[in-house]
Chemist: 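Quick one: the structure is below, questions incoming.
Every chain is numbered from 1 and lettered A, B, ... according to where its sequence line falls, protein lines coming before strand lines. Since the structure is predicted, the reported quantities are computational estimates derived from the model, not experimental observations.
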Amino acid sequence: MLDLKFIRNHPEAVKEALSKRNNPFDLGELLAWDEAYRSRLVESEGLKSRRNTLSEEIGRLKSQKQEAVSQMQEVKEISVRAKEIDQDVADLEQRISRALLVIPNVPHESVPVGSDEGANLVVRVEGEPPKFDFEPRNHWEIGEALDILDFARGVKIAGARFTVLKGKGAQLERAITNFMLDLHTREQDYTEIFPPFLVNRATMTGTGQLPKFEEDLFHCDREDLFLIPTAEVPVTNLYRDEILPGEVLPILHTAYTACFRAEAGAAGRDTRGLIRQHQFNKVELVKFTTPESSYMELERLTDDAEEVLRRLGLAYQVVALSTGDLGFSAAKTYDLEVWLPGANTYREISSCSNFEDFQARRANIRYRPRPEGTRSARPQFVHTLNGSGLAVGRTLVAILENYQQADGSVIVPEALRPYCGFDRIGGG
RNA sequence: GGAGAGAUGGCUGAGUUGGUCGAAGGCGCUCGACUGGAAAUCGAGUAGGCGGGCCUAUACUCGUCUCGUGGGUUCGAAUCCCACUCUCUCCGCCA
């Protein structure tokens, strides 16, 4: 959520941001509500001030056994008027806060401007796509032939977009997860978190999934809980409604979770294979930083995720999303796209974003800056960042397609062998 | 699921015959004094939100709200009433 004061003082900047995102939200109404809200509030507070003065006087008189009839009468009248005004104030306040929850973040100045993904900018291309002296197959053909992916039975027991991993497929999935977590915790200073996979409404609102994107989530009606679509949600909300001591920043967390997405509106897209599932595994990276360091930390976080791809020997490119393709809560995002020989294209495998104080304001996550100065500074909102490091299912896809052999077997990348205990799936 | 107890500031803990209580005391923390330095001791300070004023301001100042959340009673509520949420203890069930 944006700062109402910022919108009030820089309406043009916000309008420009909205138009860059192709967002039709109209600020005019909000600004009018804000103005009415403030003038009614001043009115109400003036009355309350008078009332407090009188109440104090009444207390004093009563304790001296004196009458205070006229004062009591005036307070009574004031209370009636104040109650009416407060009704207005509360009404306006609610409209304002609802509006604030559906306004997207302002893109950072470095974000390429454009109406859609066509304006995304390839920042760098890393690694060499493998050469094959045969026609490379896609992962679902490879996986089914090796009997490590079972799509039909996934559909039988759960439904479309659910898949069963079997044998070395299941083991490789687990090996990938552990390899990533070990890299992030042992070499990159992230502290591991294992959070709940179900969260409440306040948590979903804190990171921006609610109220706008409820149809993308799985929901448990009985308890009013949601299945998390990413570990970003529980991990970012870890510090909701807290004021952190400045010296603990930056906080770096990594978390493995299953992720659940309803994929509403994705009918017909990526219907085959593991690319788009209702349930998938992901290792996430989350950072809480000061405003000064968040963009430096975004570069580092992106590099930390890239390191996974480098160690697995996978070719990829880094793409800066344009204003038209940027997610609702993000100020800037780099997508990592891995090369998939079977699809003959680069495919998103990680998304690394700086949300600046957008989520922190929603989730009320602050810190107390304690610079060399002596006085204790006012609390400020932290900046939050996160990125996949990486999506495990899509990493499995990338390995199957990039390391496939002419005989249908798949070589296991060196880095994973200590984790799974075999160096090849299928073949001799 | 059944029975009971409770929710106060960074922590702990007073306050429940309604009145000057945003709230005693202690701990912690910050600054200062003392010291060669430190400890101890002494002094001062130490919640957050919102809004107004000041040219901008997280600086200053004024006002208002907040004692789990939301309502109610009252001239006035941390204190009384109602609902909800959460925590703890005991019993039951359970990976």
Chemist: Using atom C1' in both nucleotides, what's the gap between C80(B) and A59(B) to the nearest angstrom?
Modeler: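 That atom pair is separated by 43 Å.
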Chemist: At less than 4.0 Å, is any side-chain N or O atom of Lys76(A) found next to OP1 or OP2 of C75(B)? Yes or no.
Modeler: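 It does, given that an N or O in the side chain of Lys76(A) lies less than 4.0 Å from OP1 or OP2 of C75(B).
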Chemist: Looking at U85(B), I'd like to know if its phosphate oxygens (OP1 or OP2) sit under 4.0 Å from a side-chain N or O belonging to Asn200(A).
Modeler: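 No, no such contact exists.
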Chemist: Taking atom C1' in both A7(B) and U79(B), what distance in whole Å separates the two?
Modeler: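 It comes out at 15 Å once rounded to the nearest Å.
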Chemist: Which base, if any, makes a Watson-Crick or G-U wobble pair with C93(B), both distances under 3.5 Å?
Modeler: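 Base-paired to nothing in any strand shown.
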Chemist: Which of these nucleotides, C75(B), G51(B), G48(B), is closest to any side-chain atom of Arg368(A)?
Modeler: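 Per side-chain heavy atoms of Arg368(A), the pick is G48(B).
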Chemist: Would you indicate which nucleotide in G48(B), G63(B), U20(B) comes nearest to any side-chain atom of Pro379(A)?
Modeler: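 Given the options G48(B), G63(B), U20(B), the side chain of Pro379(A) is closest to G48(B).
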Chemist: Could you work out which one of G48(B), G19(B), G51(B) sits closest to the side chain of Arg366(A)?
Modeler: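 For Arg366(A), the side-chain atoms sit closest to G48(B).
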Chemist: For the residue pair His383(A) and Phe358(A), is the inter-centroid distance of their aromatic rings smaller than 6.0 Å?
Modeler: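 Centroid distance His383(A)-Phe358(A): not below 6.0 Å, so no.
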Chemist: In terms of side-chain heavy atoms of Ser49(A), which of U64(B), G51(B), G72(B) is nearest?
Modeler: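 Side chain of Ser49(A) sits closest to U64(B).
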Chemist: Just compare G76(B), C50(B), C65(B) and give me whichever is closest to any side-chain atom of Lys5(A).
Modeler: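 Given the options G76(B), C50(B), C65(B), the side chain of Lys5(A) is closest to C50(B).
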Chemist: In terms of side-chain geometry, is the basic nitrogen of Glu401(A) or Arg394(A) positioned less than 4.0 Å from the acidic oxygen of its partner?
Modeler: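 Result for this pair is no, no salt bridge flagged.
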Chemist: Do Arg417(A) and Glu414(A) sit within salt-bridge range, that is, some charged N less than 4.0 Å from a carboxylate O?
Modeler: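 Between Glu414(A) and Arg417(A) there is a salt bridge, with a charged N closer than 4.0 Å to a carboxylate O.
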Chemist: Just compare G52(B), C75(B), G48(B) and give me whichever is closest to any side-chain atom of Arg378(A).
Modeler: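 Selected nucleotide (nearest to the side chain): G48(B).
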Chemist: Would you tell me if any nitrogen or oxygen in the side chain of Asn9(A) comes within less than 4.0 Å of OP1 or OP2 on U56(B)?
Modeler: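 So the side-chain polar atoms of Asn9(A) never come under 4.0 Å of the phosphate oxygens OP1 or OP2 of U56(B).
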Chemist: Which of the following nucleotides, C50(B), U58(B), G52(B), is nearest to the side chain of Gln380(A)?
Modeler: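 Nucleotide nearest to Gln380(A)'s side chain: U58(B).
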Chemist: In whole Å, I'd like the distance from the OH atom of Tyr367(A) to the C1' atom of G48(B).
Modeler: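 Those two atoms, OH and C1', are 17 Å apart.
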